[in-house]
Amino acid sequence: MRILQTVSVKQVLTEMSKYKLLNKYKNNKQQLKKECDQLLFEMKKLERTRKYTSGGLKTQFDKEIDMRKEKIKLIDFQIEQLDMLPIGSELHDQDIQAVIDVKIGDNWEELTKGKTIVIKDGIITDIRER
């Protein structure tokens with residue numbers, strides 16, 4: 001019989017991976033700023049054409065803008081944390097599903113412990129029990 005098991009993937013922080021993560025965070029932040037600007041532009045456009053109701057639509061625009069500003073704050077925090085992390089730190093990257101074979105006589109405790117895959121610059125360096 002086969003079952004699915006969640007496997008944790010961790011990334012070892014290297015100069016290259018730190019640089020890539022920093023770029024990813026900065027690109028996400030830039031995209032969110034563009035979205036905020038676009039929402040503000042659309043809101044002003046609607047105000048000029050007087051086609052939107054006084055409260056409902058403006059509230060929705062404000063809510064969307066605030067949501068993006070919160071995400072920007074989170075990204076700023078992640079950038080700060082990344083700057084403080086020493087090279088060689090392990091960062092949780094993702095969880096994936098793996099198929100494992102289960103047969104009569106297997107040790108259930110050992111099977112359900114789960115595994116962690118460690119990646120360094122795109123190469124699997126270790127597979128270990130959690």
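Note that these values count all heavy atoms, side chains included, but never hydrogens, waters or copies made by symmetry. Here the structure is a predicted model, which is why all the values come from computation and not from measurement. All residue numbers in this chain count up from 1 along the given sequence.
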task: Determine, stepwise, if the pair Ile72 / Asn28 fulfils side chain to side chain contact (heavy atoms under 4.5 Å, CB included).
output: CA-CA 8 Å; Ile72 289 171; Asn28 287 347; over 6 Å; no
task: Kindly determine whether Glu35 and Gln38 satisfy side chain to side chain contact (heavy atoms under 4.5 Å, CB included), including the steps that lead there.
output: CA-CA 5 Å; Glu35 289 175 14; Gln38 183 65 32; 5.6 Å; no
message: Can you tell whether the side chains of Lys113 and Glu129 come within less than 4.0 Å, N to carboxylate O?
response: no
message: Could you see if Leu46 belongs to whatever hydrophobic cluster contains Leu40? Use Ile, Leu, Val, Met, Phe, Trp, Tyr and a side-chain cutoff under 4.5 Å.
response: yes
statement: Going by chain and number, the hydrophobic cluster around Phe77 (ILVMFWY, side chain to side chain under 4.5 Å) further includes none
field: hydrophobic_cluster_shared for Met67 and Leu39, side chain cutoff 4.5 Å
entry: no
Within one Ile-Leu-Val-Met-Phe-Trp-Tyr cluster: Ile65 and Leu32, side-chain cutoff 4.5 Å: no
With a 3.5 Å cut-off and sequence neighbours excluded, list the donor-acceptor pairs that the side chains of residues 117-127 form with protein atoms.
from: Asp121; atom 1: OD1; to: Thr14; atom 2: OG1; distance (Å): 2.6
from: Thr125; atom 1: OG1; to: Val118; atom 2: O; distance (Å): 3.3
from: Asp126; atom 1: OD2; to: Arg128; atom 2: NH1; distance (Å): 3.4

- line: In short, salt bridge (Lys or Arg N to Asp or Glu O under 4.0 Å) pairs touching residues 14-33 with sequence neighbours left out are Lys29-Asp76
message: Let's go through Gln78 and Ile75 carefully: what are the C-alpha distance in whole Å and the side-chain angles of both, what is the deciding distance for side chain to side chain contact (heavy atoms under 4.5 Å, CB included) to 0.1 Å, and is it a yes or a no?
response: CA-CA 5 Å; Gln78 288 173 322; Ile75 289 172; 4.0 Å; yes
- prompt: Looking at side-chain heavy atoms only, is the closest gap between Met84 and Glu80 below 4.5 Å?
  reply: no
query: Got a second to check how far Ser8's OG is from Lys115's NZ, nearest 0.5 Å?
result: 13.0 Å
field: Verify same cluster id: Leu22, Leu13 (apolar side-chain graph, 4.5 Å)
entry: yes
message: Restricting to side-chain hydrogen bond (donor to acceptor under 3.5 Å, both in side chains), what partner residues turn up for Gln81, sequence neighbours left out?
response: none
From Arg68 atom CZ to Lys71 atom NZ, the distance as rounded to the nearest 0.5 Å: 6.5 Å
Separation between SG of Cys36 and CD of Gln31, rounded to the nearest 0.5 Å: 10.5 Å
- prompt: Between Tyr25 and Leu85, is there a shared hydrophobic cluster once you connect ILVMFWY residues whose side-chain heavy atoms come closer than 4.5 Å?
  reply: yes
Which donor-acceptor pairs under 3.5 Å do the side chains of residues 96-107 make with protein atoms, sequence neighbours left out?
from: Gln97; atom 1: NE2; to: Thr6; atom 2: OG1; distance (Å): 3.0
from: Asp101; atom 1: OD1; to: Arg2; atom 2: NE; distance (Å): 3.0
from: Asp106; atom 1: OD2; to: Lys103; atom 2: N; distance (Å): 2.8
from: Asn107; atom 1: OD1; to: Glu109; atom 2: N; distance (Å): 2.9
from: Asn107; atom 1: OD1; to: Glu110; atom 2: N; distance (Å): 3.3

message: Applying salt bridge (charged side-chain N to carboxylate O under 4.0 Å, His left out), can you list everything that pairs with Asp37, at least two apart in sequence or on another chain?
response: none
